[in-house]
Amino acid sequence: MGACCSTSTRSTCSSRSNGEKGPSPRLGIRFCGQKRTKKTVSDHTMTLQHLASIPNRIFANGKSRSSCIFTQQGRKGINQDAMIVWEDFLPEDVTFCGVFDGHGPHGHLVARKVRDTLPGKLMSFLDTNQPKQDGSGQICCNGNSKRLEDGGDLEKDGSIEDKLDSLWREAFMKSYKAMDKELKSHPNLDCFCSGSTAVTIVKQGSNLFMGYIGDSRAIMGSKDSNDSMVAIQLTVDLKPDLPREAERIKRCKGRVFALQDEPEVSRVWLPFDDAPGLAMARAFGDFCLKEYGVISIPEFSHRLLTERDQFIVLASDGVWDVLSNEEVVDIVSSAPARSSAARLVVDSAAREWKLKYPTSKMDDCAVVCLFLDGKMDSESDCEEQGFSSATLQSNHSGNAAESDDGGQQKSEPCLQRNFTVRSSEENEAYGRPAGGDGTTIGAAEDEGWSGLEGVTRVNSLVQLPRFSDERPST
């Protein structure tokens with residue numbers, strides 16, 4: 001049975017007074033109390049082939065109506081982080097946000113592919129998961145409402161929130177599975193020893209749905225009973241040192257241990273080779289480890305937002321390596337302009353890197369700040385921070401932080417990491433691995449990936465397996 005939700009906190013659910021049947025609801029989610037738009041989700045899905053023309057979708061440094069985003073390249077080569085905010089993700093007021101941290105020789109391509117494809121898979125699943133019956137048996141919800149359309153009590157099989165939770169849980173699970181399957185069969189993107197994390201959220205009215213893999217993190221800034229800002233961690237860093245993750249990996253014959261010179265960093269290794277040493281337990285791609293316990297099944301959670309909740313921050317592990325949750329909340333809440341919040345987090349992390357790990361090669365970093373009241377600064381505030389409205393919509397034209405068309409990226413002196421840092425002297429370089437063909441998803445060949453070179457901070461991968469150049473048989 002489909003559930004329906006209104007994102008307006010003042011809307012109410014009622015039957016049509018004239019007995020006229022409304023349009024067939026999409027997604028199993030019908031938005032009551034608001035005039036339906038002509039554009040269906042199915043129509044919206046069709047426009048995914050024209051990503052650059054989709055309104056209110058940003059992935060370049062800048063701001064939107066209720067968010068700001070910023071990414072900056074580290075010192076290991078091409079920026080392997082990607083990010084997205086997609087307002088009006090569904091026909092009504094639903095927002096999708098995500099941060100993706102790539103690793104391996106083609107990690108930047110994997111992260112961008114996931115960024116561009118995963119939202120569409122999520123949308124497609126919801127569109128095909130239409131109710132099997134007419135609107136009379138549907139639940140209508142405005143976030144805090146707990147009434148059926150006929151005004152009766154809740155059904156015995158669960159509340160509205162339970163139904164929404166079930167719908168979105170299945171959507172995230174199936175979308176992540178389909179995404180990983182597409183990466184495995186992609187003809188021009190080698191994901192055998194390359195992959196990406198993902199932390200994704202969907203805000204639908206007062207409901208917050210989250211799906212994530214890897215060690216990118218989401219936190220929330222909220223006010224306590226004394227009106228003081230506190231940090232609430234929304235996700236768990238899915239690393240190999242978590243007992244449940246390590247148990248699964250070992251059960252699948254994978255090995256989990258830390259190197260002698262970085263005992264705080266557990267890694268995943270092949271059973272027959274000391275490679276690749278992946279520093280996370282779940283990821284897209286990394287198919288050399290998928291038979292040995294590394295999975296792409298996301299952790300899912302559902303949270304009801306309150307008026308005390310102020311903003312959500314998504315970031316790659318670079319930020320969390322040098323900044324605590326509380327420090328990030330303080331930075332965002334004290335930003336002179338909301339449009340500068342994401343950039344201030346990156347700048348603060350960069351300073352911490354230089355202070356705490358001066359011999360380290362700083363990691364790439366991506367930050368998304370979503371303000372839950374839906375408000376943002378004036379355009380003048382944005383321009384003062386070096387942004388313009390034009391850069392927000394020119395998502396496919398590339399920018400200093402990222403160029404999807406293979407253009408050269410400008411190196412910027414900042415970045416971070418998350419409790420996977422060591423400050424010893426640099427190790428002997430492993431050497432740069434050969435790049436892929438990148439025929440369809442043009443890689444920036446002039447900026448070699450140097451993630452396996454000697455650094456004074458741990459990499460997501462230690463070294464490539466001896467058979468990394470061989471494509472697995474299918």
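Since the structure is predicted, the reported quantities are computational estimates derived from the model, not experimental observations.
- Using a 4.5 Å cut-off on side-chain heavy atoms (C-beta onward), Glu182 and Lys113 make contact.
- The CG atom of Leu183 sits 11.0 Å away from atom CG of Leu109, with the distance rounded to the nearest 0.5 Å.
- The salt bridge (charged side-chain N to carboxylate O under 4.0 Å, His left out) check on Glu352 picks up Lys356, with sequence neighbours excluded.
- Checked against side chain to side chain donor-acceptor pair (under 3.5 Å), Thr200 has the following partners two or more places apart in sequence or in another chain: Tyr176.
- Around CG of Leu242, the count of heavy atoms belonging to other residues, nucleotides or ligands within 6.0 Å exceeds 12.
- Applying the salt bridge (charged side-chain N to carboxylate O under 4.0 Å, His left out) criterion to Asp309, with sequence neighbours excluded, gives no partner residue.
- Residues meeting the side chain to side chain donor-acceptor pair (under 3.5 Å) test with Gln310, sequence neighbours left out: none.
- Here Gln233 pairs with Asn325 under the side chain to side chain donor-acceptor pair (under 3.5 Å) rule; sequence neighbours left out.
- Rounding to the nearest 0.5 angstrom, the gap separating the SG atom in Cys97 from the CG atom in Leu208 is 9.0 Å.
- Ring-plane geometry between Phe272 and Tyr292 is classed as perpendicular, the angle between the planes exceeding 60 degrees on a 0 to 90 degree scale with a lower cut at 30.
- Ser194 is linked by a side chain to side chain donor-acceptor pair (under 3.5 Å) to nothing, counting only residues two or more places apart in sequence or in another chain.
- Ion pairing between a basic and an acidic side chain is recognised when a charged N comes within 4.0 Å of a carboxylate O; Arg169 and Asp162 show no such pairing.
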